[in-house]
Structure formats: C-alpha cells, structure tokens
Number of protein chains: 2
Amino acid sequence: MSGKEIRRSMPLFPIGTVMQLTELSARQIRYYEEHQLISPARNQGNRRLYSLNDIDRLLEIKDLIDQGVNMAGIKQIFLVKQQQEQTNNEQQQSEKAKRELTDDQLRHLLRNELMHSGRFNRSTLRQGDMSRFFH
Amino acid sequence: MSGKEIRRSMPLFPIGTVMQLTELSARQIRYYEEHQLISPARNQGNRRLYSLNDIDRLLEIKDLIDQGVNMAGIKQIFLVKQQQEQTNNEQQQSEKAKRELTDDQLRHLLRNELMHSGRFNRSTLRQGDMSRFFH
DNA sequence: AAAACCATGTTAGATTTTCTGACATATCAT
DNA sequence: ATGATATGTCAGAAAATCTAACATGGTTTT
C-alpha cells in the first residue's frame, strides 16, 4: 500500500499534458470527472493535477468509450474491478499469513548465524534519481 | 537508444510541478537553464516542459550546489559524466559486436527447429497502461 | 415524429501560471 | 571596499485553466 502506490498516485500533471498523453479533450476529461470516473487532485490555485493512475484510468475510459460503453457502464466496470482487487488482496493477505509462519521459523533458524556475522547493511544513497517518484 | 530513453526524455512537466518535486525555486531552475545545465523543451505557448531526465538532472544539480560546487563546476562534472557514458557505450558496443558473432551462430543452429514449430507470437495488447510512457 | 437524453464542442469572463527582463541583495573572494 | 555569483522579488504580458452556460448531432423514449 506504500511505495509504488504512493508514486503512481502522486498528482503531477496538469490537464494540458494529460490531453496530449490521452488524446482526450479537456471537456471530455472534465466530463468524466463530473461522472466520478476519476477524481484528480487540485493544487493551491484550484487547477487539476493528475497522477499516473489517473492517466491509466483515462486511457481505460477512452478505450471503453470506443467500445460503445456509456458512463454508467464504465462506472460499473470500475466497481467490479475494484471489488476484484479487493478479493485479490484478501487472498494474498491470507496466503501471506500462512507463509509468515514458516518465515518465522526460518528467521529463528538463521538468528544464531547472524548474531556472529558482524556485517553491516549500509543503505546505498544515490542522488539525482527520479525513479524514487515512480515504479 | 529508443524505448526507455524516449520516455524518460519526454517533456511532460510544467515548471510548477518541477518546483515541488525538486524543491527548487522557479528562479533557480531558470538560472540553471541560463547556464546550460539543463535545456527543457517548450510547448506551443512557449512554456517550459521538463522530462524525467531533466528532473534527475536538477536533483543532481541541487545536490552539487549543496556540496558547494558552482555553475562552472557542475558544467564540468556533467561534461565528464557525458564523456564517461560515451566511452561506456563504446565499450559495450565492441563487446556486443563480439557477442553478436556467437549469437549469429546460435541463431543459425536454432533456425531449423523454428522452421517447424508452427507457433505464433501474438503480441499482448493491454490497454490503459501508462507504463508505456515510462521505464 | 417529438421530446428528452447523452457526450461533446464552443464561448466568455475570471483566475492562475508562466514568461522575460529588470533591479535588489546576501555571501564570498579579491 | 569591490566585484562576482546565486537567488529573491517585482511588473507587465501571454498562456493555461476554471466554471458556467449554451449549442449540437446522435440515440432513446414516449
């Protein structure tokens, strides 16, 4: 829920950039927002700011519209997808729980060794790396 | 030279976004441009548009300035880095050349098998995937 | 067929953002 | 003290965006 997600949901792009990236008109983009298919952030001056996720969503919308789906349809599709993700997460969750038990055992087994392997884990500090904002 | 690079050098961000991302003032960002440490694209209306690479560069600049390096110093550092990359590429190039010879042989060996393995390589068309613009 | 609805275009006026160029200023080296 | 460097700040102009309203060509519904 952190890391990647924070970055992909970071509000970065003004509507002009989004228009070019998606080849949608400002009118269309705002209209889809009106119908709650997206909800971009706003900056201090009330201008919309879109995230990578928003843009993905707009591309999906565009595609569905090309298939003849209307607003209501798209809204439902997104709902289903969201629920799908929800259950996916729950599955992962429970699987993870199982795994964690054995992981605990593993950790236990490894502990002694580590206690004697005086090795440091220096964190690599690289600078000027925009990738921290994405992926 | 294509793919990734095109994306990371795609002009996307207005100066306001870049200010937030880098915590530099507009004045600073323009000043560095004046000294040719960066050269953002311009849109039709003459507004600057920065790429991910530009932002990386600005973060690097910021860091160097924190270390007390001045414009001239930073310019030189970038020059050296660029040359470094150049020679790196050349090395890779010549290594690749070598490898390609053996690859040719490999291809040769595989050709017959492939000629008989009537298998199709359907390209996966996924939609609404912003990742095509990045990484 | 008429009326209503949907998705989008277009326009207008207000507000925000960005642009360039100029002048101001603090810090540092000479 | 003088000058250079890096940045702040201001002003006026141009561009981008905002909201709200009206216009319109296709679809449905009545």
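Here is how names work: the chains are called A, B, and so on, in the same order as the sequence lines, proteins then strands, and each is numbered from 1.
Checking the phosphate oxygens (OP1, OP2) of dC19(C), a side-chain nitrogen or oxygen of Arg30(B) falls inside 4.0 Å.
Closest contact between the side chain of Arg27(A) and the listed nucleotides dT8(C), dA22(C), dT18(C) involves dT8(C). Among the nucleotides dT18(C), dA7(C), dG9(C), the one closest to the side chain of Asn70(A) is dA7(C).
Side-chain contact between Ile29(B) and Tyr50(B): present, with at least one pair of heavy atoms (C-beta onward) separated by less than 4.5 Å.
Between Leu64(A) atom CG and dA7(C) atom P the separation is 13 Å, expressed in whole Å. One can place NZ of Lys62(A) at 14 Å from C1' of dT8(C), the figure rounded to the nearest angstrom. Look at CE on Met71(A): it is 5 Å from P on dA7(C), rounded to the nearest Å. If you measure from atom OH of Tyr32(A) to atom C1' of dC6(C), you get 11 Å, rounded to the nearest angstrom. Remark: P of dA7(C) and CD1 of Ile61(A) are 12 Å apart, rounded to the nearest angstrom. The distance between atom OH of Tyr31(B) and atom P of dG21(C), rounded to the nearest whole Å, is 16 Å. One atom, CD1 of Ile65(A), and another, C1' of dT8(C), lie 10 Å apart when rounded to the nearest Å. Remark: P of dA7(C) and CD of Gln67(A) are 16 Å apart, rounded to the nearest angstrom.
If you walk DNA chain D from 5' to 3' and mark each nucleotide with an atom closer than 4.0 Å to a heavy atom of chain B, the marks span dT5(D) to dA16(D).
Nearest-nucleotide positions on DNA chain C for Leu49(B) and Ala72(A) put Ala72(A) closer to the 5' end. Residue Gln28(B) is the one, among Gln28(B) and Ala26(A), whose nearest nucleotide of DNA chain D lies closer to the 5' end (criterion: closest heavy atom). When each of Gln44(B) and Ser25(B) is assigned the nucleotide of DNA chain D with its nearest heavy atom, Ser25(B) is the one assigned upstream, toward the 5' end.
Nearest heavy atom pair, residue Ile55(A) against residue Leu21(A), reads CD1-CD2, 3.9 Å. The minimum heavy-atom distance between Leu49(A) and Pro14(A), with the atom names listed, is CD2-N, 3.9 Å. The minimum heavy-atom distance between Thr22(A) and Lys62(A), with the atom names listed, is O-NZ, 3.0 Å. Closest heavy-atom contact between Ser51(A) and Ser9(A): CB-C, 3.4 Å.
Applying the 3.5 Å distance criterion, the base of dT18(C) shares no donor-acceptor pair with the side chain of Arg48(B).
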Listing, residues 74-85 of chain B side-chain donor-acceptor contacts under 3.5 Å, not counting sequence neighbours, or none:
residue  : atom : partner  : partner atom : Å
Lys81(B) : NZ   : Glu60(B) : OE2          : 2.4
Gln84(B) : NE2  : Asn88(B) : OD1          : 3.4

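Checking side-chain atoms of Asp66(A) against main-chain N and O of Asp63(A) turns up no donor-acceptor pair under 3.5 Å.
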